[in-house]
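Here the structure comes first, spelled out in structure tokens, and everything after it is commentary.
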Amino acid sequence: LPIFTKKNHSRRRALFLTQEEFTNDITNCNKTNLSLLQVIPILMFRNGQYEIHHVIIVEIDDAINIGISFIYNKDTQRVKVTGIHISKALLIKQHQWISLQHMNECKCFDNFHTTINHLAIGNPDHWENRYNQIRKEYDALDNMNNKPTAESKLSSLSSFSSEYKTGKITESDSSYSPSS
């Protein structure tokens, strides 16, 4: 499901939710206020064509609202959810394209409040887990590449033996180990 927002590449205020938590928030947040939900028309473009979608505003966290857009499909006679909107400014612009009467004095989004400009739905620890997984794979490969082979161990042992026989190292010399 696409999430519509203005991208800010220098600073983000994000909300990360698991899929289950997001579903619970949407399901439970407006049960008591279903009669208060306002359906607001917006204009959206797809493949060079415009479509009229509708948005309802729901609260998913303290002082964080999102708009959920949908469109009615005449062929299937079903409503299809088309996106999640977190930018009030973009919603107002899309709504103003529907009716010029809303250009100067529109109160349709007065109850839309948010403190975020980025929403991620899924595993909040996804990138940290992915980093740790890649790090483990890298370390395993690094250990395989740096693991002493039988040949290098034999060479090291041979070197140790010849140095010991020539007196270059003594039994009390702990700085040299043939296994390293």
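Here the structure is a predicted model, which is why all the values come from computation and not from measurement.
- In Asp139, the CG atom is crowded: over 12 heavy atoms of neighbouring residues, nucleotides or ligands sit closer than 6.0 Å.
- With sequence neighbours excluded, the residues satisfying ring pair (Phe, Tyr, Trp, His ring centres under 6.0 Å) with Phe109 are His95.
- There is no path of hydrophobic side-chain contacts, each under 4.5 Å, that joins Ile52 to Val39.
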Donor-acceptor contacts, no H, no angles, side chain residues 117-129, under 3.5 Å, sequence neighbours left out:
residue: Asn117; atom: OD1; partner: Arg13; partner atom: N; Å: 2.7
residue: Asn123; atom: OD1; partner: Asp125; partner atom: N; Å: 2.9
residue: Asn129; atom: ND2; partner: Asp125; partner atom: O; Å: 3.3

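- Once rounded to the nearest 0.5 Å, the distance linking CG of Leu91 with CD1 of Ile57 reads 7.0 Å.
- When hydrophobic clusters are built by joining Ile, Leu, Val, Met, Phe, Trp and Tyr residues whose side-chain heavy atoms come closer than 4.5 Å, directly or via intermediates, Leu17 is grouped together with Ile64.
- Note that CD1 of Ile98 is 11.5 Å distant from CD of Gln96, once rounded to the nearest 0.5 Å.
- One finds the CD1 atom of Ile40 at 10.0 Å from the CD1 atom of Ile56 (value rounded to the nearest 0.5 Å).
- From Lys88, atom NZ reaches atom CG of Asn111 across 8.0 Å, with rounding to the nearest 0.5 Å.
- Using a 4.5 Å cut-off between side-chain heavy atoms of Ile, Leu, Val, Met, Phe, Trp and Tyr, with links allowed through other members, Leu43 and Val79 fall into different hydrophobic clusters.
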Could you walk me through whether Trp97 and Phe45 pass the side-chain contact (heavy atoms from CB on, under 4.5 Å) check? CA-CA 11 Å; Trp97 287 337; Phe45 294 91; 3.5 Å; yes
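- Contact annotation: the side chain of Thr114 never approaches that of Ile66 to less than 4.5 Å [non-hydrogen atoms, C-beta and beyond].
- Among residues two or more places apart in sequence or in another chain, the side-chain hydrogen bond (donor to acceptor under 3.5 Å, both in side chains) test is passed with Glu137 by Gln133.
- Ile84 is connected to Ile26 through a chain of hydrophobic side-chain contacts under 4.5 Å among Ile, Leu, Val, Met, Phe, Trp and Tyr, so both are in one cluster.
- The ring pair (Phe, Tyr, Trp, His ring centres under 6.0 Å) contacts involving residues 63-85 comprise Phe4-His85, where partners must be two or more places apart or lie in separate chains.
- Between Ile68 and the options Val58, Thr82, Val55, Ile60, a side chain to side chain contact (heavy atoms under 4.5 Å, CB included) holds for only Val58.
- In terms of hydrophobic clustering, with Ile, Leu, Val, Met, Phe, Trp and Tyr side chains grouped at heavy-atom distances under 4.5 Å, Ile3 and Ile71 are assigned to different clusters.
- A side-chain donor-acceptor contact under 3.5 Å links Asn73 to the backbone of Asp75.
- Applying the side-chain hydrogen bond (donor to acceptor under 3.5 Å, both in side chains) test to Lys107 and every residue at least two apart in sequence or in another chain returns Glu105.
- Here ring pair (Phe, Tyr, Trp, His ring centres under 6.0 Å) pairs that include residues 47-67, with residues two or more places apart or in two chains, number zero.
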